[in-house]
Amino acid sequence: MPRALITGITGQDGLYLSELLLAKGYEVYGLIRGQNNPKLELVRNTVPGVKLVTGDLTDISSLIRALEVAQPDEVYNLGAISFVAYSWENALLTSEVTGKAVLNILEAVRLYSHDDMSKVRFYQASSSEMFGKVQEVPQRENTLLWPRSPYGVAKVFGHYMTINYRESYGMHASSGILFNHESPRRGPEFVTRKVSQAVARISLGLQDDITLGNLDAKRDWGFAGDYVDAMWRMLQQDEADDYVVATGETHSIRELLDIAFRHVGIDDWEPLVKQDPRFMRPAEVDLLIGDPSKAHDQLGWERKVDFPGLVTMMVENDLAEQRALNGR
Ligand code: GDP
């Protein structure tokens with residue numbers, strides 16, 4: 001039975017990846033910070049088959065202990081401070097957790113492996129946010145990186161460290177440059193979930209309007225459930241490598257609003273949307289669109305859910321959730 005250790009087990013991707021690996025017959029371990037973590041219940045309820053092991057990405061000795069307990073064949077490093085807007089307010093903490101901690105876990109894997117680099121395969125969750133002020137459209141694996149947020153800068157550090165451990169030590173370390181990926185499990189601070197929740201609440205008469213920031217920003221949005229499959233495929237290759245995982249399509253916040261509102265029968269939605277500079281960013285990533293050809297060709301990966309399918313899935317989920325919460 002193959003064994004996997006996942007950091008960031010409480011997040012959207014940690015849950016989907018756990019479901020995927022459990023279904024494939026893996027023994028799955030999740031790294032969890034402290035016994036009183038409020039998200040523990042979520043993991044226990046959603047993926048009860050996952051075994052939890054205590055550790056903190058910023059503490060290398062705890063990572064080595066976690067590796068000794070889990071004895072993994074594959075390590076997926078999904079743990080990070082992941083909300084871009086928050087990363088300006090907490091730039092140093094973001095550098096520690098999203099950036100420097102990648103070196104902690106790479107080094108922990110190397111020490112645990114006693115330089116037997118065939119022992120563990122490693123996945124790093126890199127991000128399209130590394131492209132920031134995009135230097136090429138669409139963005140590929142070798143597009144020049146130009147991060148535009150402390151989060152993006154920290155992800156660049158982790159990305160190059162992963163490549164360095166591959167090149168310096170021969171570690172089977174792959175980096176997935178994932179474009180935005182969403183789902184009903186996305187945190188409500190991200191714009192897709194913020195919109196799906198608000199649209200559900202507005203249609204149920206629980207809320208009057210929604211306040212957003214930049215409506216012209218564009219993203220390449222895919223479904224998180226599809227993207228974790230690409231992570232797994234990377235670690236099944238003979239050679240480790242870097243891959244862009246994206247849909248190859250880009251959509252604006254306006255298009256997101258249009259599909260979400262129309263799904264609940266509201267065509268004239270403009271009066272329901274307010275704007276507030278509070279939700280604008282000091283520097284914006286304007287046009288993210290990824291070229292997933294390498295992942296298609298080499299991994300045989302394909303997305304299954306398209307953009308309208310994703311948005312309506314999220315709105316439907318929030319309608320059910322809001323009805324249950326509010327007895328409607
Ligand atoms: P990100 O790509 O990881 O930063 O994902 P987000 O979902 O947080 O943001 C996606 C885009 O939506 C960014 O360009 C934001 O500027 C834009 N946006 C517009 N209004 C909002 C808002 O109210 N909240 C968030 N989170 N993003 C917004």
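Order of appearance sets the numbers: ligands from 1, and atoms from 1 within every ligand.
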Scan the side chains in residues 129-137 for donor-acceptor partners under 3.5 Å anywhere in the protein, sequence neighbours excluded, and list what turns up.
residue, atom, partner, partner atom, Å
Gln135, NE2, Lys133, O, 2.8
Glu136, OE1, Thr143, OG1, 2.6
Glu136, OE2, Arg140, NH1, 2.8

Distance-only check: which donor-acceptor pairs under 3.5 Å involve side-chain atoms of residues 86-93, not counting sequence neighbours?
residue, atom, partner, partner atom, Å
Ser87, OG, Val84, O, 2.8
Ser87, OG, Tyr151, N, 3.1
Asn90, ND2, Tyr86, O, 3.4

Listing, residues 321-328 side-chain donor-acceptor contacts under 3.5 Å, not counting sequence neighbours, or none:
residue, atom, partner, partner atom, Å
Glu321, OE2, Arg193, NH2, 3.3
Gln322, OE1, Arg201, NH1, 2.9
Gln322, OE1, Asn326, ND2, 3.1
Asn326, ND2, Gln322, O, 2.8
Arg328, NH1, Leu204, O, 3.0

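A donor-acceptor pair is defined here as one N or O able to donate and one able to accept, closer than 3.5 Å; no such pair exists between the side chain of Asp276 and the backbone of Gly213.
Closer than 4.0 angstrom to ligand 1 sit non-hydrogen atoms from Phe83, Val84, Glu129, Asn180, Glu189, Phe190, Val191, Lys194, Leu212, Gly213, Asn214, Ala217, Arg219, Ile253, Phe279, Arg281, Glu284.
Taking the centre of each ring, Tyr29 and Tyr76 stay at or above the 6.0 Å mark. You'll find the ring centres of Phe179 and Trp221 outside the 6.0 Å limit.
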